[in-house]
2 protein chains.
Amino acid sequence: MSLVEQARPIERRTLHDELVERMRGLVVEGALKPGEKIPERELCERFGVSRTPLREALKVLASDGLVQLTPNRGATVARLTVEDLEDVFPVMGALEALAGELACRNITDKKIAEIKGVHRKMVVCYEARNLPEYFQLNQKIHELILEAAGNRTLSTHYSSLAQRVRRARFMANMSDERWKQAVGEHEDIIAALESRNGEALAAILKSHLQNKFNSVRKWLIAQENGARNG
Amino acid sequence: MSLVEQARPIERRTLHDELVERMRGLVVEGALKPGEKIPERELCERFGVSRTPLREALKVLASDGLVQLTPNRGATVARLTVEDLEDVFPVMGALEALAGELACRNITDKKIAEIKGVHRKMVVCYEARNLPEYFQLNQKIHELILEAAGNRTLSTHYSSLAQRVRRARFMANMSDERWKQAVGEHEDIIAALESRNGEALAAILKSHLQNKFNSVRKWLIAQENGARNG
DNA sequence: ATTATGTATTTTGTATTCAAAATTCGATTA
DNA sequence: TAATCGAATTTTGAATACAAAATACATAAT
């Protein structure tokens with residue numbers, strides 16, 4: 001290890017930062033389910049920390065829309081309503097479109113190859129009808145595009161929104177036909193990236209998202225009517 | 001007061017919420033300047049609160065990009081670098097464009113009249129070369145358009161970005177010619193709103209912002225070179 | 001005079017304490 | 001039996017306490 005590597009500043013993290021990350025994970029991955037009470041005391045015990053940094057983390061997640069705080073009644077995992085979804089998706093669309101344009105300007109061949117690699121793995125998952133893995137890789141591709149866009153602000157805000165709808169996106173099962181279509185759309189995305197056609201990519205990403213939105217919306221409405229928002 | 005008004009739930013706020021709002025004000029309005037240390041103890045005294053809720057608020061503002069936290073070294077007001085600006089503006093552009101499209105779909109004549117009213121006042125300020133008032137009213141118009149778009153998520157994210165660049169926007173004095181041009185652009189904005197031409201409005205808003213960006217960028221670079229980032 | 005070194009002071013991160021509010025639950029009444 | 005009340009318990013919001021780290025400052029050494 002060279003001196004510059006060895007002598008770079010030691011990364012230090014506060015409990016607060018660590019807890020924001022971990023609790024975000026619990027919410028986004030669905031270990032804590034929408035509407036559920038967030039058990040402050042229990043989490044403190046499990047993480048081995050006091051209430052102070054845990055509560056700090058809760059405030060941050062609340063400002064991010066993942067947690068709902070009610071005065072004197074503590075924290076619950078935020079529910080996603082149809083209205084929320086209808087607000088969130090257009091914004092994600094606008095951000096993805098921008099990401100597409102920027103990515104086409106900045107992306108390297110290496111990065112495209114990386115995306116293609118993930119895509120191939122994803123196709124395998126599709127063929128095996130392995131939804132969890134497919135979903136994971138799908139997310140990864142979108143993250144890579146955002147990364148290729150090279151705009152931290154864009155990534156941050158996109159990611160904040162993506163996290164809010166992530167669970168619903170996963171739960172809203174695609175029909176087999178829709179699934180096949182989605183894979184096709186991903187191929188179009190890669191083609192547009194390769195030809196660096198920003199406008200085209202923006203349009204494809206937007207309609208890809210619109211399709212997803214439609215199915216998530218249907219699922220959410222069914223959930224709300226069925227009242228069991230598990 | 002009718003029963004429904006009288007009997008609605010009593011609004012309760014925690015110190016945390018109050019402090020997020022107040023401290024956000026201090027940063028956005030420039031009472032605390034970029035790079036400045038945030039005097040925790042002093043603020044606690046001035047607000048008459050303990051460190052706990054104040055520090056919670058700081059974490060939230062940090063996650064919002066207004067405050068920078070360095071482990072074991074406390075909080076400073078976030079500096080806006082040219083790189084930050086170059087990331088933030090395109091995202092604001094995409095969000096404003098979306099806002100324009102949505103606003104054209106949803107806006108009422110009443111709201112347009114309201115915007116026109118603010119615009120008229122703004123023109124008076126322009127003629128009097130009253131920048132602070134002009135700036136205020138200018139912001140107000142953009143807020144009203146966002147409001148007209150009727151998308152809370154969009155408003156939240158736009159506003160978060162707008163706050164980060166607000167101070168630089170204000171400090172970057174416009175040339176008189178550019179100022180005149182800006183007023184003209186505002187008239188175009190209103191015309192597009194009245195004709196409900198979403199696409200046109202999106203384009204106008206985007207180029208309006210691009211112009212602003214150019215002048216803010218110049219100013220920021222000058223600041224960075226001059227090293228006195230007052 | 002400037003640079004190092006060690007010590008006092010302050011600040012910071014986190015844990016603990018405390019009072020107020022909410023919740024639980026058993027006794028009581030309709 | 002079901003609804004109502006009230007004390008006991010838990011939870012919540014906020015203040016305080018405390019240890020570790022950073023900073024300021026005084027002294028000593030070059």
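Atom C1' of nucleotide C:dT12 and atom CG of B:Leu43 are separated by 15 Å, given to the nearest angstrom. Between B:Phe47 atom CZ and D:dA14 atom C1' there is a gap of 16 Å when expressed in whole angstrom units. Between the CG atom of A:Leu69 and the P atom of C:dA21 there is a distance of 19 Å, rounded to whole Å. Here C:dT16 presents its P atom at 12 Å from CD of A:Glu45, a figure rounded to the nearest Å. To the nearest angstrom, C1' of C:dT11 lies 15 Å from CD1 of B:Ile38. Rounded to whole Å, atom P of C:dA15 lies 14 Å from atom NE2 of A:His16. Computed from coordinates, the A:Arg12 CZ to D:dA21 C1' distance equals 8 Å when rounded to whole Å.
Nucleic acid contact for A:Arg13: none, since no nucleic acid atom lies under 4.0 Å from a heavy atom of the residue. Among the heavy atoms of the strands lying under 4.0 Å from A:Arg41 are primed sugar atoms or P, OP1, OP2 only; no base atom is included. Within the nucleic acid shown, B:Thr52 comes within 4.0 Å of at least one base atom, counting heavy atoms only.
Residues passing the ring-ring contact (aromatic ring centres under 6.0 Å, His included) test with A:His16: none are found, sequence neighbours excluded.
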Check step by step if side chain to side chain contact (heavy atoms under 4.5 Å, CB included) holds for A:Leu146 and A:Ser159.
-> CA-CA 9 Å; A:Leu146 261 293; A:Ser159 152; over 6 Å; no
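Under the 4.0 Å criterion applied to side-chain N and carboxylate O atoms, A:Arg167 and A:Glu29 are not assigned as salt-bridge partners. Classification of A:Glu40 and A:Arg55 as a salt-bridged pair holds, one side-chain N sitting under 4.0 Å from a carboxylate O.
With DNA chain D read from its 5' end, the first of the two nearest nucleotides for B:Gly48 and A:Glu40 is the one closest to A:Glu40. Residue-to-nucleotide proximity on DNA chain C shows that, of B:Thr70 and A:Pro71, the 5′-proximal contact is made by B:Thr70. If you find the closest nucleotide of DNA chain D to A:Asn72 and to B:Arg73, the one lying nearer the 5' end belongs to A:Asn72.
In this structure, of D:dT12, C:dT14, D:dA15, it is D:dA15 that holds the atom nearest to the side chain of B:Leu15. Among the nucleotides D:dA15, C:dT12, C:dC18, the one closest to the side chain of B:Ser50 is D:dA15. Counting only heavy atoms from C-beta on, B:Arg51 has its side chain closest to C:dT12 among C:dT12, D:dA15, D:dT12.
Of the residues in residues 54-65 of chain B, none lies under 4.0 Å from DNA chain D by heavy-atom distance.
By the 30° and 60° cut-offs, the orientation of the rings of B:Phe213 relative to B:Phe89 is tilted. Ring pair B:Trp179/B:Tyr134 is perpendicular by interplanar angle, where above 60° counts as perpendicular and below 30° as parallel.
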Identify all side-chain donor-acceptor contacts of residues 56-75 of chain A below 3.5 Å with residues at least two apart in sequence or on another chain.
residue	atom	partner	partner atom	Å
A:Ser63	OG	A:Val60	O	3.1
A:Asp64	OD2	A:Arg24	NH2	2.3

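The phosphate of C:dT23 (OP1 or OP2) has no side-chain N or O of A:Lys37 nearer than 4.0 angstrom.
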